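All remarks here apply to the structure that follows.
Since we're looking at a predicted model, the values are computed, not measured. Position 1 is the first residue of the sequence, and the numbers go up from there.
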Amino acid sequence: MYKAILLSKNDDGTTAASLTQLDEAQLPADGDVTVAVDYSTVNYKDALAITGKSPVVRKWPMVPGIDGAGEVIASTHPDWKAGDHFILNGWGVGEVHMGCLAERAKLKGDWLIRRPDGMSAKTAMSIGTAGYTAMLCAMALQAQGVTKDSGEILVTGASGGVGSIAIAILSGWGYRVVASTGKLSETDYLKSLGAAEVIDRAELSAPGKPLQKERWAGVVDSVGSHTLANAVAQTRYGGTVAACGLAQGLDFPASVAPFILRGVKLIGVDSVMAPKEKRIAAWDRLANELDAAKLATIIQEIPLAEAITRAPEILAGKVRGRLVVNVKA
Ligand code: NDP
């Protein structure tokens with residue numbers, strides 16, 4: 001038997017979440033690597049799944065948890081053997097395949113990547129999908145030629161998981177980062193991560209003009225909606241916007257003016273189905289280039305049961321940084 005969070009659908013269509021004991025016989029038959037999960041996380045998507053606020057879960061009942069780190073117990077996959085240390089992010093785990101907010105999971109070996117040498121399971125999950133996505137966004141800006149000398153970088157949703165780690169990464173690389181937040185009370189925290197300046201997200205969240213004063217050489221946006229539209233409208237000639245999230249909304253109420261008059265590039269960033277080589281490159285850079293002391297200030301460690309009670313706080317934008325789940329606690 002193992003401890004897990006289980007989501008099931010009530011008769012009225014709402015989601016019920018409970019901490020329970022499952023039998024190993026209930027692990028998914030289509031996995032080829034059985035793992036002990038030491039740490040997981042509560043990402044925005046996990047919070048949507050646990051609360052049922054959005055149709056993230058597409059198979060019932062479901063164990064949530066799109067992220068996991070721990071040790072392989074048994075494997076029939078050629079790349080993995082008992083004792084190996086793994087990281088899992090995405091691939092529909094916690095959505096259509098039983099996830100990692102549980103002491104055990106049965107995953108596909110093709111989905112797993114090796115935990116970099118010297119990186120603990122807790123550190124891997126302190127980064128989690130949010131941090132790995134922040135790195136994908138930062139790498140996307142670099143790939144488009146945005147350098148630290150190009151100009152200022154805007155990070156929206158700054159006090160959230162993606163935003164906090166994006167600030168730490170980009171400031172660590174020497175960029176001048178401007179953090180946009182709804183929590184001006186967290187200004188000291190955002191500056192300690194490396195933000196040179198903190199602005200009120202209200203400056204970006206209302207409908208704006210299609211072309212605005214040019215300011216940003218690059219943008220990491222985890223918010224979407226009017227915030228993304230305004231960020232694009234304020235991006236300098238030839239600049240790049242990496243869009244990965246929808247905390248404000250799924251809509252994109254913008255015009256083509258910044259693209260056709262300023263050559264602005266809008267790059268979509270997806271972590272869930274990203275190819276393995278891209279994941280390994282991102283995790284290598286996270287292992288070597290993310291300041292561990294900053295990362296420690298971004299996280300709160302919680303026991304498994306609290307993943308249920310804290311999920312609504314994430315959706316309400318009340319959590320600073322990341323919730324890291326000690327699955328065994
Ligand atoms: P968090 O909940 O940790 O952070 C989101 C932040 O967005 C909040 O902390 C808040 O920051 C800001 N925010 C919340 N509500 C609003 C609002 N109504 N208007 C404007 N800003 C708001 O989530 P994550 O950082 O983990 O994820 C951020 C987004 O990125 C989510 O939409 C998530 O689904 C998406 N995502 C996408 C991935 C991909 O593969 N494309 C992978 C990972 C995440 P503040 O108070 O500082 O303004």
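Applying the ring pair (Phe, Tyr, Trp, His ring centres under 6.0 Å) criterion to His226, with sequence neighbours excluded, gives no partner residue. The salt bridge (Lys or Arg N to Asp or Glu O under 4.0 Å) check on Glu306 picks up Arg310, with sequence neighbours excluded.
Rounding to the nearest 0.5 Å places CD1 of Ile113 at 4.5 Å from CD1 of Ile87. A distance of 9.5 Å separates NZ in Lys45 from CG in Leu246, rounded to the nearest 0.5 Å. Separation of atoms CG (Leu6) and CG (Leu101) is listed at 11.5 Å; rounding is to 0.5 Å. One distance of note links NZ of Lys191 with CD of Glu197; it measures 7.5 Å at 0.5 Å rounding. Here Arg201 contributes atom CZ and Asn230 contributes atom CG; the two are 13.5 Å apart, rounded to the nearest 0.5 Å. With rounding to the nearest 0.5 Å, the separation of CH2 in Trp173 from OG1 in Thr147 is 12.5 Å.
Trp111 and Trp91 have parallel rings, their planes meeting at less than 30° on a 0 to 90° scale where 60° marks the start of perpendicular.
Heavy-atom minimum distance, Ser255 versus Pro258: O-CD, 3.3 Å. Nearest heavy-atom pair, Ala166 versus Val220, reported as atom, atom and distance to 0.1 Å: CB-CG1, 4.1 Å. Contact detail for Ala49 and Leu7: the closest heavy-atom pair is O-CD1, 3.5 Å. Here the closest heavy-atom approach between residue Ile167 and residue Ala195 is recorded as CG2-N, 3.5 Å. Heavy atoms only, all atoms of each residue included: Val42 and Ala47 are closest at CG1-N, 4.2 Å. Residues Leu136 and Ala282 come closest through the heavy atom pair CD2-CB, 4.0 Å.
Between Lys122 and Glu301, at least one side-chain N (NZ, or NE/NH1/NH2) sits under 4.0 Å from a carboxylate O, which counts as a salt bridge. A salt bridge is defined here as a Lys NZ or Arg NE, NH1 or NH2 lying under 4.0 Å from an Asp or Glu carboxylate O, and Arg236 with Glu152 fails to meet this definition. Ion pairing of Lys81 with Asp84 is present here, as a side-chain N (NZ or NE/NH1/NH2) and a carboxylate O approach within less than 4.0 Å.
Residues Asn43 and Ile314 fail the side-chain proximity criterion, which asks for heavy atoms closer than 4.5 Å. Taking 4.5 Å as the limit, some side-chain heavy atom of Cys100 sits within range of a side-chain heavy atom of Leu88. The side-chain heavy atoms of Thr129 and Thr41, taken from C-beta on, include no pair separated by under 4.5 Å. Using a 4.5 Å cut-off on side-chain heavy atoms (C-beta onward), Glu214 and Thr235 make no contact. Leu323 places none of its side-chain heavy atoms less than 4.5 Å from the side chain of Ile299. Contact check for Val35 versus Val33: side-chain heavy atoms found under the 4.5 Å cut-off. Annotation: side chain of Asn326 is not in contact with side chain of Pro303 (no heavy-atom distance under 4.5 Å). When side chains are defined from C-beta on, Val57 does not count as touching Thr15, because their heavy atoms never get closer than 4.5 Å.
The backbone N or O of Lys294 sits less than 3.5 Å from a side-chain atom of Asp291, completing a donor-acceptor pair. Proximity of a side-chain donor or acceptor of Tyr175 to a complementary backbone N or O of Val146 within less than 3.5 Å is detected. With hydrogens and angles ignored, the 3.5 Å screen pairs no side-chain donor or acceptor of Arg279 with any backbone N or O of Trp283. Within the 3.5 Å criterion, the main-chain N or O of Ser222 finds a donor-acceptor partner in the side chain of Thr156. No donor-acceptor pair closer than 3.5 Å links the side chain of Arg285 to the backbone N or O of Met135. Side-chain atoms of Arg104 do not come within 3.5 Å of backbone N or O of Ala102 as any donor-acceptor pair. Proximity of a side-chain donor or acceptor of Thr181 to a complementary backbone N or O of Leu184 within less than 3.5 Å is not detected. Remark: side-chain polar atoms of Arg322 are paired, donor with acceptor, to backbone N or O of Ser126 under 3.5 angstrom. Put simply, the side chain of Asp46 gets close to the backbone of Ile66: a donor and an acceptor are under 3.5 Å apart. Between the side chain of Ser75 and the backbone N or O of His77 there is at least one donor-acceptor pair closer than 3.5 Å.
Side-chain atoms of Asp67 and Ser40 include no donor-acceptor pair closer than 3.5 Å. With no hydrogens or angles considered, a side-chain donor-acceptor pair links Thr227 and Gln248 at under 3.5 Å. Judged purely by distance below 3.5 Å, without hydrogens or angles, the side chains of Thr76 and Asp32 never pair a donor atom with an acceptor atom.
Other residues, nucleotides and ligands contribute only 12 or fewer heavy atoms inside 6.0 Å of the NZ atom of Lys278. Atom NZ of Lys59 sits in a sparse spot, with 12 or fewer heavy atoms from other residues, nucleotides or ligands closer than 6.0 Å. Environment of NZ in Lys276: crowded, with over 12 heavy atoms of neighbouring residues, nucleotides or ligands closer than 6.0 Å. A 6.0 Å sphere centred on CG of Asn10 holds more than 12 heavy atoms belonging to other residues, nucleotides or ligands. No more than 12 heavy atoms of other residues, nucleotides or ligands sit less than 6.0 Å from atom CG of Asp11.
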Does the pair Lys106 and Glu24 meet the rule for a salt bridge (Lys or Arg N to Asp or Glu O under 4.0 Å), with working shown? CA-CA 9 Å; Lys106 198 166 178 190; Glu24 298 224 0; over 6 Å; no

What do the steps show when you test Val162 against Cys244 for side-chain contact (heavy atoms from CB on, under 4.5 Å), and what is the final call? CA-CA 9 Å; Val162 173; Cys244 73; 3.9 Å; yes

Check the pair Val72, Thr34 against side-chain contact (heavy atoms from CB on, under 4.5 Å), reporting the backbone distance first and the verdict last. CA-CA 6 Å; Val72 172; Thr34 304; over 6 Å; no

Ile298 and Leu193: CA distance, side-chain angles, deciding distance, side-chain contact (heavy atoms from CB on, under 4.5 Å) verdict: CA-CA 9 Å; Ile298 289 172; Leu193 294 179; 3.6 Å; yes

Determine, stepwise, if the pair Asp23 / Tyr2 fulfils side-chain contact (heavy atoms from CB on, under 4.5 Å). CA-CA 6 Å; Asp23 196 296; Tyr2 63 94; over 6 Å; no

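Ile280 and Met139 end up in the same hydrophobic cluster when Ile, Leu, Val, Met, Phe, Trp and Tyr side chains are linked at under 4.5 Å. Following chains of ILVMFWY side-chain contacts shorter than 4.5 Å, one cannot reach Tyr44 starting from Tyr132, and the two form parts of different hydrophobic clusters. By the rule that hydrophobic residues join a cluster once side-chain heavy atoms approach within less than 4.5 Å of another member, Val37 and Ile50 end up as members of one cluster. Following chains of ILVMFWY side-chain contacts shorter than 4.5 Å, one cannot reach Val319 starting from Tyr39, and the two form parts of different hydrophobic clusters. Hydrophobic clustering, with ILVMFWY side chains joined whenever heavy atoms are under 4.5 angstrom apart, keeps Leu286 apart from Leu112.
Counting Ile, Leu, Val, Met, Phe, Trp and Tyr side chains that sit under 4.5 Å apart, directly or through other members, Val241 shares a hydrophobic cluster with Leu154, Val178, Ile199, Leu204, Leu211, Trp216, Val219, Leu228, Val232, Phe252, Val256, Phe259, Ile260, Leu261, Val264, Leu266.
Because its NZ or CZ atom is both nearer than 6.0 Å to the ring centre of Tyr189 and within 45° of the ring axis, Arg320 counts as a cation-pi partner of that residue. For the pair Arg114 and Trp80, the cation-pi criterion (under 6.0 Å, within 45° of the ring axis) is fulfilled.
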